[in-house]
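Reviewing the structure listed below.
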Amino acid sequence: MNDWQRKSPLDWQGYVDKQVKVAAAENHEYEGWVLTVDPVSANIVLASFSENEKVVISVVSGHAIQEVQILKEADEEMKQRLSCIFAPEESKAYSPEELEKRKSSLKTWLEANHIPVAEQGASGETLCVAGSLTIDPPYGPEECSSSNEIILSRVQSLIQGYLEKQS
């Protein structure tokens with residue numbers, strides 16, 4: 001086991017959102033921004049940006065890592081770019097304020113139509129309909145989830161109709 005693999009998850013967390021140079025086995029070198037480190041395998045996931053702003057993702061195996069050198073801290077703009085790499089396209093289009101407005105508007109509309117709805121989750125970002133269906137941001141029919149297919153289909157149709165009227 002190498003020094004990198006002996007580090008704790010808290011140590012690895014200190015590398016997230018930093019530009020690093022990774023020296024690996026067989027004289028390989030990798031450079032990029034650390035997105036995450038797998039706590040089981042110690043694999044490091046790097047993101048780099050090509051000239052045309054395309055994102056290139058590299059994964060370096062933990063067992064091959066010999067040294068990780070921090071080159072630069074991410075500024076707020078870079079942190080934002082890195083946090084959006086794996087976010088679904090739809091959620092990138094909405095600011096937190098817009099998402100809150102969409103949630104509130106949909107909740108009000110459901111309640112006005114006598115459909116029981118509650119907020120759940122750590123920050124109340126998920127809507128729970130009749131205790132058997134959830135709606136996650138950005139609160140469209142695609143974000144509905146339920147094990148009851150009949151309820152799922154009906155609520156998705158309702159939300160689709162509601163969104164069409166909003167447009």
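For the single chain, residues carry numbers from 1 onward in sequence order.
With N2 contributing its side chain and H63 its backbone, the two residues share a donor-acceptor pair below 3.5 Å. Side-chain atoms of K165 never come within 3.5 Å of backbone atoms of G161 as a donor-acceptor pair (strictly under, hydrogens ignored). Remark: the backbone N or O of E149 is not paired with any side-chain donor or acceptor of S153 at under 3.5 angstrom. In this structure a side-chain-to-backbone donor-acceptor pair under 3.5 Å is missing from Q80 to E77. Under the 3.5 Å distance criterion, the side-chain polar atoms of N43 are matched with a main-chain donor or acceptor of G62. Judged purely by atom type and a 3.5 angstrom limit, W4 has no side-chain atom pairing as donor or acceptor with the backbone of A64. Side chain of R6 to backbone of M1: a donor-acceptor contact under 3.5 angstrom is found. Side chain of N113 to backbone of L110: no donor-acceptor contact under 3.5 angstrom is found.
Donor-acceptor pairing under 3.5 Å is recorded for the side chains of E164 and Q160. Side chain to side chain, S105 and Y139 fail the donor-acceptor criterion of an N or O pair below 3.5 Å. Remark: the N148 side chain and the S132 side chain contain no N/O donor-acceptor pair separated by less than 3.5 Å.
Residue T126 forms a side chain to side chain contact (heavy atoms under 4.5 Å, CB included) with just one option from K103, E119, Q120, and that option is Q120. Applying the side chain to side chain contact (heavy atoms under 4.5 Å, CB included) test between I135 and each of C144, C128, S146 identifies C144 as the sole match. Of the candidates L46, D17, I44, V45, T36 forms a side chain to side chain contact (heavy atoms under 4.5 Å, CB included) with just one, namely V45.
Counting heavy atoms from C-beta on, the side chains of L158 and W109 come closer than 4.5 Å. Side-chain contact between E143 and P137: absent, with no pair of heavy atoms (C-beta onward) separated by less than 4.5 Å. Annotation: side chain of V55 is in contact with side chain of I57 (closest heavy-atom distance under 4.5 Å).
No more than 12 heavy-atom neighbours from other residues, nucleotides or ligands sit within 6.0 angstrom of CG on N27. Counted within 6.0 Å of CD on Q13, heavy atoms from surrounding residues, nucleotides or ligands total 12 or fewer; the atom is thus considered open.
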